[in-house]
Amino acid sequence: MWDHEIRAMASTHAILAASVFMATVLPAAAVPGFSVYGTHLLWLYSVSGAVTAVSVAVFWLLGITPPAKKHTVGYKLSRLFRSCLYFFLSCLFFHTVVVLYGAPLIESALETFSLSVLLTSLTTLRCLCVLGPNVQAWIRVFSRHGAMSVWDTCLQITVACTLVGAWVGAFPIPLDWDRPWQAWPVSCSLGATIGFLTGLVAAPAWIHFHRKQLTYKCK
Amino acid sequence: MKKLPVLSLLLWVCAVYFVGIYLFVGGFLLVRLEVNRTSTCGDVLQPGEEPADFCRVQPRFRRAVLLIIDALKIDFAWFDPNNTSPRPYENKLPVLEETVTSRPSHSRLYPFRADPPTTTMQRIKGFTTGSLPTFVDVGNNFASSAILEDNLIHQFGQVGKRVVFMGDDTWENLFPKKFHRSLPFPSFNVKDLHTVDNGILQHLYSTMVGEDWDVLVAHFLGVDHCGHRFGPDHPAMADKLTQMDGVIRSVIDRLQNDTLLVVMGDHGMTDTGDHGGESQKETDAAIFLYSPSPLFPGPPTQSEPDVVPQTDLVPTLALLLGTGGAVGGLSQLEALWINAKQVNRFLETYSGMAKDIPAESLSQLKSEFSRLSSEYLATVREGRPPSPRLAASLQAYLTSVRATCRATWARFNPLKMAAGLAILAFACLTCFIVSELSLVLIRESGPGLKPPVRVAFIAGACVAIGQIGTQGYVEASWCLAAAALSSELVFFWRARRSRAVPEEKNGSKAPKSPSWLTPRRLLLPALLVPLLRCASLLSDSYVIAEGRAVTFLVFSLALYIPIHLNWDGLLLPPIHDPLKAAGFLPSPALSPLTVRKESGTLLACLGVLVGSLYLSLSFHACREEQGSCQPSPFLSPLSRLQDNQLKNLHYVLSVVSLGLWTYLLKRCLRHYGNLNASSGAVFTAHWILPLTSVCLALHWAVSATPEDSFRNLSELIGVGQLVLPRAAFCLLGLGMFLIWLDPLTVFIKPKDKTPARGQSQTPSRYRASTGISTQAELHHLIPQIYQRMRRSLDDDEQFMGDVDNSPAVKAYGLGTVYSAPLMLFCGMLGIGLLLLHPEGMALSFLLLLLEMGALLHIHASSTTLRSLQGTFSADFNVPWTPVVLWSLAATQFFHATGHLPTFPSIQWGAAFVGFPDGHTGTLLPASLVTLNTFASHILFSVACPLLLFWPLVREVRGSRGGRACGDEGEDAVMEMRLREHPQQFTSALLQLATRYLFILGAQVFSSVCAAAILRRHLMVWKVFAPKLMFEASGFLVSSVSLLIGVALVLRVDVAVGGWFKRLIPDASR
């Protein structure tokens, strides 16, 4: 029923996964002494940058982003500005939530903020791409009957996977194993990335197997 | 409403849990057998070929002075001349260093390592008997019982030495009638720094000058008490140590040539001044030896040990005073040989008494000993100089004996442990079944409790008879085990049968088929979170980080509630889009405005919850395993703070939060119109609650005043410390008693001035419309009352201005008739528990209250929003999520009130609140300390039934009552709906209580599992065993408090019933 969309989604996700992979491999070749644990923040920003760039490009090319109501330059600029603002606000929001979950408040604020940038680029950015800068629509989409298209369902799955991955990533932190990946925020960002990759695989697969049951009200 | 089945079922479930815990703990913590045999000089030690009697030789010293300075840490004894700015505890004992440098062959200073547990009684036992006190002995610290084992004091008595003792009265209890003369002083009052020390000093010098003694033991407590009260880093510690310095100097001046002086600490202290654990700061005490005659061959050499273990004190002193080698110095080999022989004899005696030392290691040790003895005897016979190799192997033999004994005495009884585990597992299952079948169990036809109990008695009796037949004596634990197991099994069988019946009768209303263990269900956060919590108890890292882990889980589960509501499309009002409104959403029963308001409340309460969660993290104490951790500054009592401004700030903060606690409670009661009546509960709320708060604030002020700054007021301060907390205790007791006696907070206001006339009008209006039976009247009277009450509430209690012509009886506060007394009870209890805590914890208690309120509101709001779905039914079941949150919050605040599941972190100071001079018994201090430790468990368990009431209290008009407008019976509002449906009320109460017990029980079970599985783990005695003890006692306390809470609800129900009875006959007359 949704074969075309599913195929487009699978290829988009393949590109996204490849970009995460390249963001890990390429700096290793370019920057001396690069490693995921050692220079974690560098890796983190390279992954979020790559995912941001690729998502924006791909979703813009695919034309999934809801079309602008007016075609004036001013309106488009304000949309762009609002998107940037939401991106930044979402970083702050994730930062607050992570601190409330028990991250140190002052000590490693940079690490915490980097993690929230990663989470934003993996989740909020996708919302921005699919739904535009419209918080009401974001809240609506995360309900049982809220998905209006295959892309909305896909958004639900990837965002949930990413957040659950980051949540699970916090579990090993108190253990006394003294591994490098237990340092803050390595395990959480790794968890988020792995969750994101899982979501990228799971979303098209789930939609493919449930395509008979899926019905959307509008569009 | 049936009271008896609920209470008896809960009691039975709790009893089964208790039996399981008792069995497991009995198998897990075993007490070492004591060998009551004593050595005498005439003992023939095998092999006894050398000159037999080791006592007959001229002793090295005739007399000894043993100065024990409690908690004399080795850091206190070092002297560093280069340290220009010493901390209060540094460089305060220069006499030791001076003596060691000026007379190196006369004196030595060593670190003196204690074996854990580092509590005073255990240490006295340890260094007088030379043995290792066991884990369980810690509990005896309140009532130390006499030592029956062979010990130093007994041996001194045997050789005719006159032992004079003065100081800590623990010694008097340990060695009753063993002293030639004894001057004990009470030791238990930690706040008292000077009584014991001054008492000793009064007698010490005069005794030393006299000739009436051979061994003088003086036990000073000031340093230890100073550590407990102020911590080591306080000027008071400097004063105390300087005083001790003077004492040691004076004693050295008075020593004679044949006298040995030993100055030693029994244990150290942590940086906060506590002790009991096994960190190096607690175990490393100091020992200083001195004699006016040369004691050592020369200055310290490299070959001397760095650290002296405490167990070596006994042989050393015994040899120096009772027996000895040549004048030139004690032959170490000889001492080792005698010691090895004694140890061998001990092993033989012990293995004859108990069979717990493994046979192969015993025979190995025996063969090792015989090899060593032949070697030693050969050496002696040939007169060769003792070889260091032989000494080393003797040393190694002693070490291996020690290791074997240590391994054996940490032994377990696997059978008992397994039985305990099985009973606990079944008890959890029972709880679960009861919570699922609560409605069936309450019914007449349901499976009663009689058969299981009867079977339990029979099984217990059978086992007892069997034991008498086979063994000749009864072991109570096995009878209990049999009783508990059999009653559980009978219950399962009957529950299974009774479940089948209703399903056949009406399949639709039967409880859902048990598909609980499908993976889908397990992934539900409400079950996943407790599962994670239980799993976390199996890892020592998570137990160490428990406070944060639990906060993390609470936060996760709390976030899940709005996310889940949003997923179901209930958080936001449905969008009225004509295209899709017709389709899939049910017609909204609540207006969008109401939904928005409820969601707003929910999110605001979530904010409060998250805020208090985050702030509560700053009240945590630190375990010794957590390296870089600073304990909360609010944990130390105000009297320890030195900065006056900071002290004032803390005091003001505490008093403000105490005031807020009282104000919020009264505000809430007033809001629901509960403060109009003139009953006992209302009197409590009006007068006793504020008065107690004032008492508490004054008590804090008094106990925070520094003693030396108000010398002339010291009498008054002493009286205040005694009277104020006691007055608060009495007021609290009175308040709770009044609440219990007269819990109704309902105020009936007749319209006219004369109540009789007003009430007589009421029935006339509706009796015409209904039948004459009392029951029917009751059904119709109630709605009338509620309507009146609701109306007056809507008028914001401007009830005086109500000029309606409708019926005259108005009852204020009837809507919260159940929850108001419970809330008040909890508030009183909270103030009482706060009294036992350090002052700074008032902030944490305020957070606790806020979090409780936030949880209740979140639960109520989500219930209201859920009722949108149209799945409203007459039952009041509380879903799992709030119950899980509730129980996790109890654990969270256990940590956030400065407690930890470790023994050193127990706040002993609680025992002296209101009893600054100490206690005579042990029951009162023990219960005060228990109340202090499990304060949050108690509060949350007592308040647990509020979860059932709150959705009704916060019910939105028009959601439930409004829909059932036509039905008169459904017209009841708020908590009166519970009275309308007594069956559902009872079952919901039972379900709530068993769900709560299930979650607590699952935690106990998993920590029991952790102790059983990891019993050979490195961390078992440090992490898992204390955690098990705390979890188990927490469960005991929680279940008792839960029963109290439920009983209070039932009491209120009785009172409400009586109230209606009074109303109806009056009305019908």
Side-chain angles (χ1 to χ4, degrees), chain A residues 93-108 112 123 127 134-148 152-153 155-157 159-161 163-179 182-184 187-188 191 215-219, chain B residues 523 525 528-529 532 535-536 539-556 558-560 562-572 574-575 577 579-585 599 606-607 609-618 620 625-628 1018-1019 1023:
Chain A
F93 172 75
F94 275 121
H95 188 99
T96 317
V97 169
V98 170
V99 165
L100 287 176
Y101 257 117
L105 181 63
I106 301 161
E107 228 168 82
S108 41
T112 312
T123 57
C127 293
N134 180 357
V135 180
Q136 286 276 338
W138 297 359
I139 295 174
R140 174 194 47 82
V141 96
F142 290 104
S143 67
R144 189 167 298 167
H145 305 289
M148 303 273 188
D152 288 359
T153 313
L155 180 70
Q156 287 175 352
I157 294 174
V159 167
C161 283
L163 293 182
V164 168
W167 185 70
V168 171
F171 287 9
I173 294 176
L175 293 172
D176 54 357
W177 297 344
D178 287 331
R179 295 298 150 93
Q182 281 180 293
W184 176 250
S187 59
C188 278
T215 48
Y216 296 110
K217 285 292 169 289
C218 347
K219 282 195 186 176
Chain B
L523 277 178
L528 182 69
V529 166
L532 281 176
S536 78
S539 153
D540 57 326
S541 305
Y542 284 117
V543 175
I544 289 169
E546 192 189 30
R548 291 190 145 248
V550 170
T551 315
F552 180 90
L553 288 179
V554 174
F555 187 47
S556 305
L559 274 191
Y560 163 76
I563 290 176
H564 186 64
L565 278 174
N566 187 45
W567 176 251
D568 289 339
L570 301 170
L571 194 62
L572 292 178
I575 309 147
D577 196 349
L579 279 174
K580 57 183 175 169
F584 52 90
L585 278 174
S599 320
L606 191 71
L609 173 68
V610 167
S612 39
L613 274 177
Y614 188 71
L615 289 180
S616 77
L617 284 179
S618 54
H620 283 202
E625 291 93 345
Q626 292 170 311
S628 60
L1018 178 69
M1019 288 291 185
V1023 173

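Chain letters run A, B, ... following the sequence lines, proteins first, then strands; residues in each count from 1. Excluded from the calculations below are hydrogen atoms, water molecules and symmetry mates; all remaining heavy atoms, backbone and side chain alike, are included.
- For residues 545-554 of chain B, a heavy-atom distance under 4.5 Å to chain A picks out B:Ala545, B:Arg548, B:Phe552, given by residue number.
- Shown here is B:Tyr614, whose OH atom has more than 12 heavy atoms of other residues, nucleotides or ligands within 6.0 Å.
- Nearest heavy-atom pair across A:Pro172 and B:Tyr542 is N-OH, 4.0 Å.
- Here the side chains of A:Leu100 and B:Phe555 are in contact, with some heavy-atom distance below 4.5 Å.
- Residues A:Ser143 and B:Asn566 have side chains that never bring a donor and an acceptor to within less than 3.5 angstrom of each other.
- Distance check, rounded to the nearest 0.5 Å: CG of B:Asp540 to CG of A:Leu175 gives 8.5 Å.
- Heavy-atom distances place no part of B:Ile544 under 4.5 Å from chain A, backbone and side chain included.
- For chain B, the nearby parts of A:Ile139 are the backbone and the side chain; heavy atoms of each come within less than 4.5 Å.
- Screening residues 164-175 of chain A for salt bridge (charged side-chain N to carboxylate O under 4.0 Å, His left out) gives no qualifying pairs among residues at least two apart or on separate chains.
- In this structure, the portion of B:Leu559 lying under 4.5 Å from any heavy atom of chain A is its side chain and not its backbone.
- For the atom pair OH (A:Tyr101) and OG (B:Ser556), the distance works out to 3.0 Å, reported to the nearest 0.5 Å.
- Of the atoms belonging to A:Trp167, heavy atoms from both backbone and side chain fall under 4.5 Å from chain B.
- Distance CD1/A:Ile173 to OG/B:Ser541: 12.5 Å, rounded to 0.5 Å.
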